[in-house]
Amino acid sequence: MIELSEELLLRMYYKINQARFFEAKLDELVAKGKVHGAIHLSMGQEATGVMSCLALEEGDLVSLSHRGHAQAIGFGLDVNLMMAECLGKATGYCKGKGGSMHIADVENGNLGANGVVGGGFSLSCGAALTQKYQKTGKVVLCFAGDGATNGGNFHESLNLASVWKLPVVFLIENNQYGMSTPIEKHMNIENISDRSEAYNMPGLTIDGNDFLDVYNTVTKALRYARAGKGPVLIEAKTYRYNGHSQSDNQLYRDKQEVREWQKKDPVQKMKEYLREHRIFTEKQIQKMEDEAKASIDQALEFANASPEPQLNAVLEDVYAGGVN
Amino acid sequence: MIELSEELLLRMYYKINQARFFEAKLDELVAKGKVHGAIHLSMGQEATGVMSCLALEEGDLVSLSHRGHAQAIGFGLDVNLMMAECLGKATGYCKGKGGSMHIADVENGNLGANGVVGGGFSLSCGAALTQKYQKTGKVVLCFAGDGATNGGNFHESLNLASVWKLPVVFLIENNQYGMSTPIEKHMNIENISDRSEAYNMPGLTIDGNDFLDVYNTVTKALRYARAGKGPVLIEAKTYRYNGHSQSDNQLYRDKQEVREWQKKDPVQKMKEYLREHRIFTEKQIQKMEDEAKASIDQALEFANASPEPQLNAVLEDVYAGGVN
Amino acid sequence: MKTSDMKKMTYRDALRLGITEEMHRDENVIFMGEDIGLYGGAFGVSAGLLEEFGEDRILDTPIAEAAMVGTAVGAATTGLRPICEIMFMDFITLGMDALVNQAAKMRYMFGGQSQVPMVLRLPAGSGIGAAAQHSQSLEAWLCHVPGLKVVTPSTPAQAKGLIKAAIRDNNPVCFIEHKLLYDKVGLVPLDEDYLVEIGTTVVERPGKDVTIVAYGTTLAKAIEAADFLEEEGIKVEILNPVTLYPMDMKPIIESVIKTGCLIVAHEASKTGGLGGEIVARVVESEAFDYLNAPIIRLGGLDVPIPFNQELEASVVPQRNDFVHGVYRLLNRE
Amino acid sequence: MKTSDMKKMTYRDALRLGITEEMHRDENVIFMGEDIGLYGGAFGVSAGLLEEFGEDRILDTPIAEAAMVGTAVGAATTGLRPICEIMFMDFITLGMDALVNQAAKMRYMFGGQSQVPMVLRLPAGSGIGAAAQHSQSLEAWLCHVPGLKVVTPSTPAQAKGLIKAAIRDNNPVCFIEHKLLYDKVGLVPLDEDYLVEIGTTVVERPGKDVTIVAYGTTLAKAIEAADFLEEEGIKVEILNPVTLYPMDMKPIIESVIKTGCLIVAHEASKTGGLGGEIVARVVESEAFDYLNAPIIRLGGLDVPIPFNQELEASVVPQRNDFVHGVYRLLNRE
Ligand SMILES: Cc1ncc(C[n+]2csc(CCOP(=O)(O)OP(=O)(O)O)c2C)c(N)n1
Ligand SMILES: Cc1ncc(C[n+]2csc(CCOP(=O)(O)OP(=O)(O)O)c2C)c(N)n1
Ligand SMILES: [Mg+2]
Ligand SMILES: [Mg+2]
């Protein structure tokens with residue numbers, strides 16, 4: 001068992017709430033028609049995104065999926081700049097050029113969310129190759145969904161990572177669906193982690209709604225990869241509450257299924273854990289929640305007050321200048 | 001055990017010799033500089049290509065790899081037209097437009113050799129989909145090499161075939177190398193057939209140099225697929241004697257390794273089997289060999305006597321005419 | 001055609017109608033793609049088709065574009081006539097091998113032995129805030145691949161007539177749909193044999209002063225500009241190459257001979273876009289001697305598509321770009 | 001440059017020399033591809049590099065072009081400078097997503113946060129009997145993708161200077177090598193700082209009567225034609241856009257203003273090839289008014305590449321196509 005400090009638990013609970021409030025706010029904005037473009041919410045899956053990133057060491061890198069807000073918040077991105085990016089403002093992480101689907105903070109090791117399903121697998125191999133080659137001791141954590149594991153990029157990248165013993169952990173958020181397609185209709189196996197056998201790498205299936213299981217497992221996997229033993233595949237079983245994106249009328253599932261999963265809500269489960277173990281007082285818990293919520297209200301204020309990009313920005317950032 | 005009629009054994013022995021002589025002849029032609037373009041020889045692997053095709057029923061289909069001469073001969077292609085195609089003649093299967101790497105006989109269910117490593121996987125799924133949809137009861141046999149199983153097409157296609165329960169048998173000729181790269185350097189597993197588990201389909205590893213093992217296993221797999229149970233993955237372990245193509249100086253392996261495999265030569269092994277079981281007289285065996293050899297000499301004569309394509313053929317066959 | 005034989009409907013519905021008619025006409029037509037069944041496709045084109053045709057003919061695929069396209073190719077060579085929906089044209093990057101190295105070349109490299117009757121539907125273009133990886137217009141790539149045909153309808157009627165023609169064609173047809181057109185409404189012929197023949201360029205608006213060649217959403221901008229200019233007495237002739245490859249140049253060349261002035265436009269990045277091809281063909285033709293002014297080529301900026309709405313709009317040619325282009329050609333500025 | 005500072009070598013060896021120098025200069029330069037180690041690469045470019053630089057820097061990959069390109073992109077964004085060899089350019093079809101949707105767009109969609117310094121080596125073209133799936137010239141696709149740079153050297157000296165410049169560039173550079181050039185011999189500067197700057201068009205031969213723009217192997221055909229025509233007193237000026245994107249049009253436009261006659265040529269299929277782009281740019285420029293005759297565009301036939309040797313040769317422009325083109329422009333036919 002990995003010891004969790006109070007300070008870490010506090011950070012965990014704060015961030016998982018931040019993630020939840022961030023997306024609840026986005027959901028509101030979408031409903032009001034204030035968001036241009038597609039938004040993929042991960043409400044219901046936050047434990048996976050947040051806790052796995054909290055297991056990282058300083059200097060480790062991540063590649064996010066298209067459903068990456070909780071992942072980004074777990075990694076420590078600034079919700080002000082995230083919100084500004086979602087609203088296309090000049091102050092956003094990508095100066096408003098990327099939007100929700102491309103939030104990145106490259107300097108700090110966040111290689112960006114990816115609009116191409118499975119696009120991050122090979123990028124993560126490359127980032128891991130850099131770590132191995134430069135002997136940095138750092139590891140890359142790569143997020144993707146269940147649907148992404150049916151793509152060629154998954155297979156080629158996991159094989160390459162295994163053959164080259166790259167320090168990368170592939171974390172599959174299995175939320176039971178690829179868009180509208182239930183997992184039984186897009187693959188014929190029970191546990192995605194079993195696909196690791198095709199590459200002779202460790203594969204683990206965990207409860208993606210259990211913050212401890214996520215944190216502990218990812219921590220161990222990172223250690224393994226960091227020790228030079230090669231990549232690891234983790235499958236976190238979880239569920240998304242919202243539609244795939246705003247234009248989804250969810251004919252493919254019944255509300256009862258959603259309700260069942262909501263009983264296993266990752267934020268609630270963590271709260272219960274904190275209560276059970278009496279680690280914080282009710283007041284402290286409430287305070288963390290309030291602060292998390294306030295940070296999101298603030299983020300929206302920041303974003304709203306931010307300027308639109310200047311029109312000539314459209315021509316900038318196509319090419320890097322200078323030569324080596 | 002599957003019963004082998006004398007007539008079938010005769011066909012088998014004749015074809016495996018035809019394949020051997022066909023390629024020996026090509027090898028000669030290449031050495032003399034008489035072949036324009038790349039030629040991939042499969043000497044050493046013939047049992048796999050020939051016997052698996054002989055296991056097919058009338059109307060079944062095949063997709064060949066780039067190393068497909070033995071496969072084509074097993075499927076029943078005319079060596080005259082094959083040789084003409086290798087020499088770019090107008091009488092070749094593709095009127096000289098395809099060459100060795102694209103020999104096809106579409107009308108008879110040979111969907112062609114493929115110059116793209118792994119290109120045949122998804123084509124085979126499509127051909128199998130047609131069989132399933134039209135309820136023809138026919139099966140598709142898809143050839144590829146060990147190296148091809150590291151490509152995205154392999155993964156996407158096997159997954160699709162499994163989910164859709166397509167009548168297709170994937171036959172991997174594991175000749176230990178992808179070009180110069182030994183299997184240990186391009187994948188981390190012992191048996192490629194284990195990759196079937198990622199798709200929950202049967203996976204079998206066989207001795208690709210043993211004509212009986214190939215014939216029996218493929219026969220069973222075809223039955224399984226034909227019964228509507230879905231796809232099967234077979235790995236046939238074998239070895240190629242020649243370089244990858246004519247421009248290969250084979251630094252990546254030592255001659256001893258080649259000699260070891262030559263001791264397990266598939267043509268010799270079959271001959272020994274026939275002798276042991278006294279199915280044919282020495283004379284009959286000799287006769288089959290002679291006839292096979294003669295058919296290749298004839299094929300070369302046919303090809304040599306054939307005309308070059310007319311220059312205006314270059315503009316033909318880009319588009320199919322008519323509408324549905 | 002009498003309007004009584006026509007019905008007002010969206011481009012989306014017109015596509016679905018064309019597909020439905022063809023699926024009834026020939027049971028070898030099947031339709032595959034990601035989330036095209038219950039979900040009805042990302043843009044709603046296939047809504048209801050699963051109910052109508054069942055799971056054998058409306059096939060949800062895993063997220064595996066390479067296998068999807070390759071499977072369509074294999075099915076097409078063996079007797080089916082698959083329609084394939086790539087959710088966003090940008091993801092054809094993942095299926096290029098099956099499309100370019102297999103579908104387009106198979107017939108030729110097999111010496112005419114096979115045919116590959118399939119339709120690849122490709123929702124393209126910017127304007128919905130989907131950013132760089134979901135907004136490209138890549139038709140120029142496809143028009144550089146002998147063996148493929150490439151078409152793109154701009155109206156609901158064209159959508160129906162062209163999808164039907166594409167399904168009946170015996171070759172791989174890339175069918176490009178601009179996402180902003182799906183909601184566009186227009187009159188659509190109900191005749192089940194109404195086809196827009198592949199290989200035609202449509203005169204969308206007759207005129208005499210300046211020729212504009214435009215397709216996709218750029219066409220609408222051109223029409224707006226023409227309406228505006230008409231009030232000033234300038235008559236613009238607008239041509240729409242609904243078949244981008246092989247393109248019917250005749251009406252374009254005839255028009256340029258008449259007007260002496262040409263604007264060619266598309267949303268795709270200007271450099272390497274089809275505009276250059278059209279310009280070159282006009283210059284190579286007898287129309288060269290009739291040109292009164294340098295040809296103007298309007299195209300998207302040479303940048304990826306940005307997320308921010310205003311930036312996004314600023315990438316593609318707008319009405320005023322056409323208006324000013326016409327002024328420039330007629331020396332009015 | 002003094003010839004004493006130059007050495008005669010093949011295009012293949014010049015490439016290897018450039019790569020070797022850059023790998024010594026910066027240890028973040030790594031090199032990956034299929035069979036580039038012991039085998040030395042399908043065309044021998046990397047022969048001996050494994051011995052010199054070891055397995056950490058010369059990386060044999062599985063046959064997995066998508067992962068290869070994506071890995072290079074990921075490595076490039078995190079500090080390495082990968083060179084990547086795609087065995088045949090045709091197989092970039094399998095790596096298009098990583099190249100087009102990731103490498104080319106990353107910097108832009110991240111608002112300038114990242115850079116992707118990588119070189120993608122792409123052996124292209126026909127002439128070796130490799131047939132339809134191993135012989136394409138797909139540079140026009142790449143020149144239609146903002147965020148990429150595209151270069152193609154035609155001589156050993158250019159090969160060395162350009163590969164070095166490409167490796168030093170901070171952007172994804174597609175480096176196209178025509179297979180028939182590998183054995184070509186020429187003088188190559190030994191100076192380790194000799195670079196052919198990206199973004200330049202080279203005047204290969206000065207002249208005054210007709211301008212020819214050509215690159216790759218087509219350039220050699222143009223030079224043969226110019227030699228032939230010289231004997232008749234016709235002086236052809238030949239320009240070689242070694243950077244195809246972004247192309248330096250200035251010398252081309254200046255030349256056309258001087259000669260009034262232009263032939264643009266490439267081996268790639270004519271339709272949708274770069275020829276159209278160059279023609280359009282010339283027509284859009286001040287050179288338009290100086291054109292004495294319609295521009296001639298020579299390109300490959302719009303067909304896949306056939307296997308048969310004679311058919312294969314008949315697809316691409318030959319010396320006589322240039323000769324007759326020049327005659328036509330000068331009204332000599
Ligand atoms: C290559 C590719 N194909 C299709 C899409 C459209 N698309 C976006 S998300 C998505 C579903 C992804 O499913 P999964 O990997 O399970 O992730 P989830 O959305 O469930 O988080 C699809 C099909 C895409 N973005 N990229
Ligand atoms: C997609 C692709 N990449 C690279 C090549 C070049 N190539 C041709 S055969 C080959 C090796 C294939 O290895 P394997 O699949 O084991 O088949 P084998 O040649 O051993 O029969 C390579 C790399 C190709 N033809 N296609
Ligand atoms: Mg999912
Ligand atoms: Mg092999």
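We name chains A, B, ... by the order of the sequence lines, and we start the count at 1 in each one. Everything quoted here is computed from the prediction, not taken from an experiment.
- For A:E190, the CD atom counts as loosely surrounded, since its 6.0 Å shell holds 12 or fewer non-hydrogen atoms of other residues, nucleotides or ligands.
- Taking CG of C:D302 as the start and OH of A:Y319 as the end, the distance is 7.5 Å to the nearest 0.5 Å.
- Taking the side chain as every heavy atom from C-beta outward, A:N153 and C:L94 approach each other to under 4.5 Å.
- Residue A:L311 holds its CG atom at 8.5 Å from CG of C:N308, rounded to the nearest 0.5 Å.
- Note that CG of C:D35 is 9.0 Å distant from NE2 of A:H186, once rounded to the nearest 0.5 Å.
- Nearest heavy atoms, C:A131 versus A:G98: CB-O, 3.6 Å.
- Within 6.0 Å of atom CD in A:Q310, 12 or fewer heavy atoms from other residues, nucleotides or ligands are found, so the atom counts as exposed in its surroundings.
- In this structure, CD1 in C:I305 is found 12.5 Å from NZ in A:K97, a value given to the nearest 0.5 Å.
- Of the atoms belonging to A:M101, it is side-chain heavy atoms, and not backbone ones, that fall under 4.5 Å from chain C.
- By a heavy-atom distance cut of under 4.5 Å, A:E85, A:C86, A:L87, A:G88 are the residues of residues 85-92 of chain A near chain C, going up by number.
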Test side-chain contact (heavy atoms from CB on, under 4.5 Å) on A:K185 and C:E55 and set out the steps.
CA-CA 12 Å; A:K185 281 193 66 180; C:E55 286 205 334; 3.6 Å; yes
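- Enclosure of atom CD in A:E260 by more than 12 non-hydrogen atoms of other residues, nucleotides or ligands within 6.0 angstrom is indicated.
- Side-chain N or O atoms of A:N150 include none that pairs as donor or acceptor with a backbone N or O of C:A64 at under 3.5 Å.
- Shown here is A:Q256, whose CD atom has more than 12 heavy atoms of other residues, nucleotides or ligands within 6.0 Å.
- Highest contact tally toward chain C, considering only A:A313, A:G151, A:G147, A:G119, is held by A:G147 [criterion: heavy-atom pairs under 4.5 Å].
- The side-chain heavy atoms of A:D248 and C:Y39, taken from C-beta on, include a pair separated by under 4.5 Å.
- Contact of A:D317 with chain C is not made at all, since no heavy-atom distance falls under 4.5 Å.
- For chain C, the option among A:V117, A:T149, A:L251, A:V116 with the highest count of heavy-atom pairs below 4.5 Å is A:V116.
- Counting non-hydrogen atoms of neighbouring residues, nucleotides and ligands closer than 6.0 angstrom, the CD atom of C:Q318 exceeds 12 such neighbours.
- With a 4.5 Å cut-off on non-hydrogen atoms, C:M68 does not touch chain A at all.
- To the nearest 0.5 Å, the span separating OG on A:S247 from CZ on C:F43 amounts to 8.0 Å.
- For C:E312, the part lying near chain A is the side chain, with the backbone staying farther off; criterion is any non-hydrogen pair under 4.5 Å.
- Atom CD of A:Q250 is separated from atom CG of C:L38 by 12.5 Å, given to the nearest 0.5 angstrom.
- Side-chain atoms of A:H102 and C:Q133, non-hydrogen and from C-beta on, do get closer than 4.5 Å to each other.
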